[in-house]
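Presented below is the structure to which this report refers.
Below, read A as the first sequence line, B as the second, and so on, with proteins coming before strands; counting in each chain starts at 1. Just the heavy atoms: all of them, side chains too, but no hydrogens, waters or symmetry mates, feed the values below.
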Number of protein chains: 2
Amino acid sequence: MKLSEGVEQGLHCALLLAEAPAGVPLPRRVLAEHYGLPEAYLAKHLQALTRAGLLRATPGPSGGFRLARPADEITVLDVLEAIDGPASPFVCQEIRQQGTGAARPEECTRPCAIATVMVGAHQAWRESLRAVTLDQLVKRVPQTLRKRNRAKFGSDPAA
Amino acid sequence: MKLSEGVEQGLHCALLLAEAPAGVPLPRRVLAEHYGLPEAYLAKHLQALTRAGLLRATPGPSGGFRLARPADEITVLDVLEAIDGPASPFVCQEIRQQGTGAARPEECTRPCAIATVMVGAHQAWRESLRAVTLDQLVKRVPQTLRKRNRAKFGSDPAA
DNA sequence: GGGTCGTAGATACTGTATATCCACGTTAGA
DNA sequence: TCTAACGTGGATATACAGTATCTACGACCC
């Protein structure tokens, strides 16, 4: 069981967008270079985040990506499921109904006990990720680094 | 992110061994046919469970696999990690230290906030699986099915 | 006591999904 | 109208789940 690396990249980019002054779109090239990520691959995940309604993309010169919602309304789970999909890592194959020892239909009125346990674990995992917002993550970034990033992207004409 | 199907197969086999009368080893061929599973593939997972000390394998005719411990001392997490490995699905690539916006070493004394959240989620997932034993799962198998399985494998000479 | 069968164990191969890259089309600003 | 940005689709390489085959060992039977 392995989580896509795109999830980590997407999370870092979303976090950076949450750090940057609001309203200033960052081009994907800037995002990719900032973290040394493959730009073409990152593009695919930024698209996924945009389709999920987490980011807003604007084309053309001085375009780029920015958060579509306030950072305290975007959870880590939102970002993860936008990129990796909402599917559970465990999908019950209904093994109990196969082979010579197959359970009869009337014995399968309740879901398979194993599947039930796995679903519960997945819910616990999701709840843990849903409890953290991008805003909370920003607060855990070292202040010196945060200040540096704000300065780097703070060419905000409104300022 | 996808969990290996071997995990589900291993869990069902371990559950069946917990249902069967203690001390009667079941050959992997019987296990495979009972659930309609590919025997060669199942062999790999039964080996993993044996290496992890959850099952005990005995070669030769009238050999097979049986639980190495009482069913209430084997958790779902034990079986899962024996087959799928104990590694977390998320492995931090230290993206924060790469690219033009790399964090300085003195800013990385604490682990990456994103990694911390992911580790927490993984722990929640593991705790949820650790809380369930094979014994508890057996109790959730329909009685008619349990009785049928006991009769099928109950050619226990000591009985 | 030696042969034979049935068991687990180890090894090599294949298929599929992920990760990566490239080329083309579309949109908006200067 | 030219440039710089996003959007889409497809081609390629690699890692891992899944498969098949072969070897070694132990109990049973003659």
Side-chain angles (χ1 to χ4, degrees), chain A residues 1-10 13 17 24-68 80 82-85 87 89-91 93 95 153 155 157, chain B residues 1-10 13 17 24-68 80 82-85 87 89-91 93 95 157:
Chain A
M1 189 174 49
K2 185 169 153 287
L3 200 57
S4 161
E5 294 190 9
V7 169
E8 185 176 3
Q9 302 180 5
C13 287
L17 291 174
V24 180
L26 301 186
R28 69 181 179 203
R29 183 183 166 195
V30 171
L31 288 170
E33 288 180 349
H34 185 85
Y35 285 125
L37 302 175
E39 184 181 342
Y41 187 42
L42 184 62
K44 191 174 288 189
H45 303 312
L46 292 173
Q47 281 172 38
L49 292 172
T50 304
R51 271 194 296 269
L54 302 177
L55 301 187
R56 192 175 186 84
T58 56
S62 75
F65 294 90
R66 59 183 187 273
L67 294 187
L80 189 141
I83 293 176
D84 202 56
F90 179 89
V91 282
Q93 305 296 129
I95 287 178
F153 302 118
S155 52
Chain B
M1 190 173 48
K2 185 170 152 284
L3 200 57
S4 161
E5 294 191 8
V7 170
E8 185 177 3
Q9 301 180 6
C13 288
L17 291 174
V24 180
L26 300 187
R28 71 181 180 199
R29 184 184 167 194
V30 171
L31 288 170
E33 289 180 349
H34 186 86
Y35 285 125
L37 304 175
E39 184 180 342
Y41 187 41
L42 184 62
K44 188 179 289 188
H45 305 311
L46 291 173
Q47 281 175 41
L49 293 171
T50 303
R51 272 195 296 269
L54 303 178
L55 301 187
R56 192 174 187 83
T58 57
S62 75
F65 293 89
R66 59 182 186 275
L67 294 187
L80 189 142
I83 292 176
D84 203 55
F90 180 88
V91 282
Q93 306 296 128
I95 286 178

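A donor-acceptor contact shorter than 3.5 Å links the side chain of Glu8(A) to the backbone of Gln93(B). Side-chain N or O atoms of Asp84(A) include none that pairs as donor or acceptor with a backbone N or O of Val7(A) at under 3.5 Å.
The side chain of Thr50(B) places no N or O atom within less than 4.0 Å of a non-bridging phosphate oxygen (OP1 or OP2) of dA8(C). Taking only side-chain nitrogens and oxygens, Gln47(A) never comes nearer than 4.0 Å to OP1 or OP2 of dC6(D). Between Arg51(A) and the phosphate of dT8(D), there is a side-chain N or O to OP1/OP2 separation shorter than 4.0 Å. At least one side-chain nitrogen or oxygen of Ser4(B) sits closer than 4.0 Å to the OP1 or OP2 atom of dG18(D). Distances shown here put every side-chain N or O of Arg66(A) at or beyond 4.0 Å from the OP1 or OP2 atom of dC6(D).
Glu5(A) places its CD atom 11 Å from the P atom of dA15(D), with the value rounded to the nearest Å. Rounded to an integer number of Å, the gap from CZ of Arg56(A) to P of dA28(C) is 12 Å. Atom P of nucleotide dA8(C) and atom CD of Glu39(B) are separated by 8 Å, given to the nearest angstrom. Counting to the nearest Å, the C1' atom of dA19(C) and the NZ atom of Lys2(B) are 17 Å from each other. Look at CZ on Arg29(B): it is 15 Å from P on dC5(C), rounded to the nearest Å. In this structure, CG of Leu49(A) is placed 14 Å from C1' of dC6(D), rounded to the nearest angstrom. In this structure, His45(B) places its NE2 atom 8 Å from C1' of dG18(D), rounding to the nearest Å. Per the geometry, CG belonging to Leu3(B) stands 17 Å off C1' belonging to dT16(C), to the nearest Å.
Place Gly63(B) and Gly6(A) on DNA chain C by their nearest nucleotides, and Gly63(B) ends up nearer the 5' end. The residue among Leu46(A) and Pro61(B) whose nearest nucleotide of DNA chain D is located toward the 5' end is Leu46(A).
Two residues are said to be in side-chain contact when any heavy atoms from C-beta on lie closer than 4.5 Å; Ile83(B) and Gln9(B) fail this criterion. Counting heavy atoms from C-beta outward, Thr58(A) and Arg66(A) have side chains that approach closer than 4.5 Å. In this structure, Val24(A) and Phe153(A) have side chains that are not in contact, with every pair of non-hydrogen atoms separated by 4.5 Å or more.
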All N/O contacts under 3.5 Å from nucleotides 19-25 of chain D to the protein, with atom names and distances to one decimal?
unit_1, atom_1, unit_2, atom_2, d
dT19(D), O4, Lys44(B), NZ, 3.0

Check against side-chain contact (heavy atoms from CB on, under 4.5 Å), Leu54(B) and Leu67(B): CA-CA 6 Å; Leu54(B) 303 178; Leu67(B) 294 187; over 6 Å; no
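When each of dA17(D), dC6(D), dT7(C) is scored by its nearest atom to the side-chain atoms of Pro27(A), the top-ranked nucleotide is dC6(D).
A salt bridge (Lys or Arg N to Asp or Glu O under 4.0 Å) with Glu39(A) is found for one member of Arg28(A), Arg29(A), Lys44(A) and no other, namely Arg28(A).
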